[in-house]
Amino acid sequence: MLDTVIDIVAGTFMIVGCLMSLAAGIGMLRFPDLLSRLHAATKPQVLGLFLLLAALGLELRSWAVLPVLLLAWLLQLLTAPVSAHMVGRAGYRTRHLKRETLIADELAAVVEAAEQREEAEHGRDGNRDRADFID
Amino acid sequence: MTKEQRLKDATDESGARQRATLRQELPLLAGMMLVWGALWQDFAIGNLVFGLLISLVLVRVFRLPPVILSGRFNVWRAAVFAGAFLRDVTLASFEVLYLAVFRGPRTTSAIITVQLRTESDLLVTFVGHVLTLVPGSYVVEVDRRTSTLYLHVLNVNDEAGVEKARASVMMIEERLIRMMGTKEELAELNAEKSAPGKEHGETP
Amino acid sequence: MNIVLWICGITLSIAGALAMIRLAKGPSILERVIATDVLLLIVSAALCVDMTINKHTDNLIFVLLACLVGFVGSVTVSRFVTDRRNA
């Protein structure tokens, strides 16, 4: 009886987890620009992997694997935002975005001001590389 | 870390960073030891001690700048935070699924500025991480000197949406300060909550 | 469990196909990088499904590695893209 219940819960987790991968796939294809595609690519997978690992833990029913499952998920929690940030930042700096899909861009003014200050201080293109990677 | 130290670190162009002391690295060492145990699926004392030795060598060879902990950790608030985090992730994942299927190319988004209350690097990093993990927003750029995050937020249709996104970021920060912020930050937060009608986080 | 396996298999195959379309189409290298990342995560999801159905843990280390490889890959490429523009 208990086994059947656990099987059903694990099965549901697996299907929803795979659905999250599908969400990533559809989002990758349908969102308008790089910055919005990034949302679909990295985020639903966090929940997806959590559900799949939970299903695995439920089916194996052993305490020994629990730390590894937790480690796998935590590793994804740590790495996914960093890669999203790096790709998003590179995308913004190389202007991989469609302005018409943005309601507001409060960073544009800041970038503009920084570039003007940079040019006033160092002349054209002077030292920009180093200034970018301080923060 | 004090504000002056942080400013100096952020503006120092020589590339020389402050070194962490052994005491500041203790949480890191403990974490690495546990990871070693988890990888071997063996938490026997001998294995853990060997893991500790390896992490000591790694920490000595690859030096990292210090991470300053606040010295305060509220377990109950951590549980509240974890619950809210899981709920947010679940809801927002389905929202992204819905948007991808039914809205598709017509989805609009915004890049917004949020100035955080905290001054600690660790908390800024944590807030950035958490709101990146909750689908719907991620960090495009950070200004360490003023603790300002520049976020890309999905599915924002008007000005009201921008304000809503900003408020939700401040909410995440509030939960985190209650969990592991310093006493001063907590006192400031409580003072702000008890003085209604005063708008915060509005000025970029 | 057999039905679950079929549903998961079909869902993951469609997701993989969609990611591959983006990988082939993707106008810029950054799009291709995130498409590869998605593909890698779909592979690790498939490994998880396999482990759950057949009740073993042999592939768990590959799931860990997939996370790390995706991370290192996308960070390296985006760093390179930004650098080239600045130089």
Side-chain angles (χ1 to χ4, degrees), chain A residues 7 10-15 17-30 34 37-38 40-42 45 48-49 52-53 55-62 64-65 68-69 71-73 75-76 78-80 82-91 93-94 96 125 128-129 132-133, chain C residues 1 3-5 7-12 14-23 25-28 30-31 33-35 37-39 41-42 44-49 51-53 55-57 60-61 63-64 67-68 70-87:
Chain A
D7 272 0
T12 322
F13 276 14
M14 278 161 73
I15 292 174
C18 292
L19 206 64
M20 287 300 136
S21 288
L22 188 64
I26 299 175
M28 282 296 292
L29 215 56
R30 287 192 30 100
L34 174 78
R37 274 175 206 144
L38 206 49
T42 43
Q45 310 265 19
L49 195 70
L52 286 170
L53 291 174
L56 182 57
L58 282 175
E59 280 295 303
L60 289 171
R61 274 162 239 173
S62 106
V65 291
V68 201
L69 298 180
L71 181 68
W73 194 52
L75 209 62
Q76 212 213 2
L78 282 178
T79 55
V82 180
S83 53
H85 164 64
M86 289 300 282
V87 176
R89 197 171 79 143
R93 291 197 174 177
T94 48
H96 277 103
D125 271 353
R128 183 173 296 174
D129 197 20
D132 272 350
F133 290 112
Chain C
M1 269 301 160
I3 310 166
V4 173
L5 178 61
I7 298 176
C8 289
I10 293 170
T11 322
L12 287 179
I14 299 173
L18 293 176
M20 259 189 265
I21 296 176
R22 179 49 72 196
L23 191 62
K25 249 169 72 175
S28 74
L30 288 173
E31 249 120 357
V33 165
I34 55 175
D37 221 15
V38 169
L39 211 53
L41 280 162
I42 290 170
S44 61
L47 289 175
C48 280
V49 169
M51 280 188 291
T52 316
I53 298 288
K55 300 198 177 165
H56 62 86
T57 55
L60 211 48
I61 208 77
V63 176
L64 277 169
C67 281
L68 282 181
F71 168 69
V72 172
S74 47
V75 167
T76 316
V77 172
S78 47
R79 193 74 196 235
F80 161 73
V81 168
T82 325
D83 266 356
R84 191 178 51 177
R85 203 187 145 78
N86 282 332

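Heavy-atom basis, side chains included; hydrogens, waters and symmetry copies ignored. Within every chain, numbering begins at 1; the chains are lettered A, B, ... in the order of the sequence lines, protein sequences first and strands thereafter.
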Side chain to side chain, L52(A) and F13(A), heavy atoms closer than 4.5 Å
no
Show me the side-chain donor-acceptor pairs of residues 17-27 of chain A shorter than 3.5 Å, one per line, residues at least two apart or across chains.
none

Counterpart residues, salt bridge (charged side-chain N to carboxylate O under 4.0 Å, His left out), relative to K55(C) (two or more places apart):
E59(A)
Which bit of L38(A) comes within less than 4.5 Å of chain C, counting heavy atoms only: side chain, backbone, both or neither?
both
Could you tell me which portion of L60(A) (side chain, backbone, both or neither) has an atom closer than 4.5 angstrom to a non-hydrogen atom of chain C?
side chain
Looking only at A41(A), G57(A), S62(A), A80(A), the option with the highest number of non-hydrogen pairs under 4.5 Å against chain C is A41(A)
Counting only non-hydrogen atoms closer than 4.5 Å, does I7(C) touch chain A with its backbone (N, CA, C, O), its side chain (CB onward), both, or neither?
side chain
Heavy-atom side-chain proximity of S78(C) to V33(C) below 4.5 angstrom:
no
For L60(C), which atoms come within 4.5 Å of any heavy atom of chain A: side chain, backbone, both, or neither?
side chain
Need one label for L68(C): side chain, backbone, both or neither, based on atoms under 4.5 Å from any heavy atom in chain A.
side chain
Has R22(C) got a side-chain atom pairing as donor or acceptor with M28(A)'s backbone, closer than 3.5 angstrom?
yes
Any Lys/Arg nitrogen of R61(A) or D7(A) sitting under 4.0 Å from an Asp/Glu carboxylate oxygen of the other?
yes
Taking side chain as everything from C-beta outward and backbone as N, CA, C, O, which of these in Q76(A) sits under 4.5 Å from a heavy atom of chain C? Side chain, backbone, both or neither.
both
